[in-house]
Amino acid sequence: GHFCGGTLISPEWVLTAKHCLEKSSSPSSYKVILGAHEEYHLGEGVQEIDVSKLFKEPSEADIALLKLSSPAIITDKVIPACLPTPNYVVADRTACYITGWGETKGTYGAGLLKEARLPVIENKVCNRYEYLGGKVSPNELCAGHLAGGIDSCQGDSGGPLVCFEKDKYILQGVTSWGLGCALPNKPGVYVRVSRFVTWIEEIMRRN
Ligand code: ARG
C-alpha cells in the first residue's frame with residue numbers, strides 16, 4: 001500500500017525522502033505509482049513501475065533518488081517537475097503547493113489526492129524560539145500557516161512542495177517532518193531541493 005510520496009524529475013528518476021526507504025534497502029520492495037488521483041482505484045493513464053536502484057543522500061539530509069526499472073511515458077498526467085537552480089533560496093512568503101494522500105484528521109484524505117497552498121517561512125523566522133526553535137537546518141525550508149490548520153502530515157513525506165516561479169512550477173521542497181501536524185506556530189519542514197541539485201544531477205549522470 002501507499003506510505004510515502006515522491007516526484008518524477010525525469011522519465012527514469014523519482015525524488016523522495018530518505019526516511020521513506022527505512023523499511024527495506026532492497027529496490028524490489030518498492031513500486032512507484034504515477035498519474036493517480038484515487039489511492040484505491042488506479043484509473044486510466046496510471047503507470048505502475050518497479051524501482052531498480054535506490055540512492056540515499058550520503059549526509060544527513062532526508063532526500064533520496066529512485067531509479068525506475070523502465071522509463072515513465074510522459075503524458076498529460078505524468079509529467080516531470082523542474083529542479084531549481086543550485087542553492088536558490090525561496091523568498092519569505094512565496095506561495096507554494098504541497099500534495100499527497102497523507103493523514104487528514106483520521107481519514108487519510110479519503111483516498112483522494114489533496115493539495116494545499118502554503119507560504120514559505122524564511123529560516124530565520126522559522127527558527128525563532130516560539131516556532132521551530134533552531135531545529136531547521138540551512139538544507140531545509142519551512143512552509144505553513146502559523147495559525148495552524150493546513151499542513152502536510154504522515155503519509156505525505158517524500159512528496160513535492162512546488163512553487164510557481166516566472167512561468168512554471170519548480171520543485172523546491174521534499175516533504176520531510178513536522179512537530180505534530182497543522183498545529184499553530186509549528187510549520188512543516190521540507191528538504192531544500194536547491195541544495196541537492198548538484199548531487200541529484202551527478203547521480204543521474206553516472207547511473
Ligand atoms: N514525516 C511525515 C511522513 O513520514 C511527514 C510529516 C510532515 N509533517 C508536517 N507536520 N508537515 O509522512
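Please read these numbers as outputs of a predicted model, since none were measured by experiment. Whatever order the structure lists ligands and atoms in, that order sets their numbers, starting from 1. Quick note: residue numbers are just sequence positions, from 1.
Note on residues 118-132: pairs passing side chain to side chain donor-acceptor pair (under 3.5 Å), not counting sequence neighbours, are N123-R192.
Using the six-membered ring where Trp is involved, Y30 and F3 have ring planes that are tilted, between 30° and 60° apart.
Two residues are said to be in side-chain contact when any heavy atoms from C-beta on lie closer than 4.5 Å; L65 and W199 meet this criterion. Using a 4.5 Å heavy-atom cutoff, the side chains of K18 and I63 are not in contact.
Here the two rings, on Y40 and W101, have centers that are 6.0 Å apart or farther.
Not a single heavy atom of C20 lies less than 4.0 angstrom from ligand 1. S176 counts as a contact of ligand 1, since one of its heavy atoms falls under 4.0 Å from the ligand. Under the 4.0 angstrom criterion for non-hydrogen atoms, H19 is in contact with ligand 1.
Between E201 and R205, no side-chain nitrogen of the basic residue sits less than 4.0 Å from a carboxylate oxygen of the acidic one, so the salt-bridge criterion is not met.
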Item checked: Residues V189, D62; criterion side-chain contact (heavy atoms from CB on, under 4.5 Å); working and verdict -> CA-CA 11 Å; V189 184; D62 189 17; over 6 Å; no
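Contacts between C153 and ligand 1, counted as non-hydrogen atom pairs separated by less than 4.0 Å, involve the backbone only. With a 4.0 Å cut-off on non-hydrogen atoms, P187 does not touch ligand 1 at all.
Within ligand 1, counting atoms from 1 as listed, the ones closer than 4.0 Å to a heavy atom of G188 are 11 (N). Heavy-atom proximity to G155, at under 4.0 Å, picks out these atoms of ligand 1: 3 (C), 12 (O). Of all the atoms in ligand 1, the ones that sit under 4.0 Å from a non-hydrogen atom of D156 are 12 (O). Below 4.0 Å from some heavy atom of D151 lie the following atoms of ligand 1, by number and element: 9 (C), 10 (N), 11 (N).
When the heavy-atom distances from atom 7 (C) of ligand 1 to S152, A182, G144 are ranked, the shortest goes to S152. In this comparison of C4, S157, A143, the heavy atom closest to atom 3 (C) of ligand 1 sits on S157.
Looking at ligand 1, you won't find any N or O of C181 less than 3.5 Å from one of its N or O atoms.
Residues passing the side chain to side chain contact (heavy atoms under 4.5 Å, CB included) test with P184: none are found, sequence neighbours excluded.
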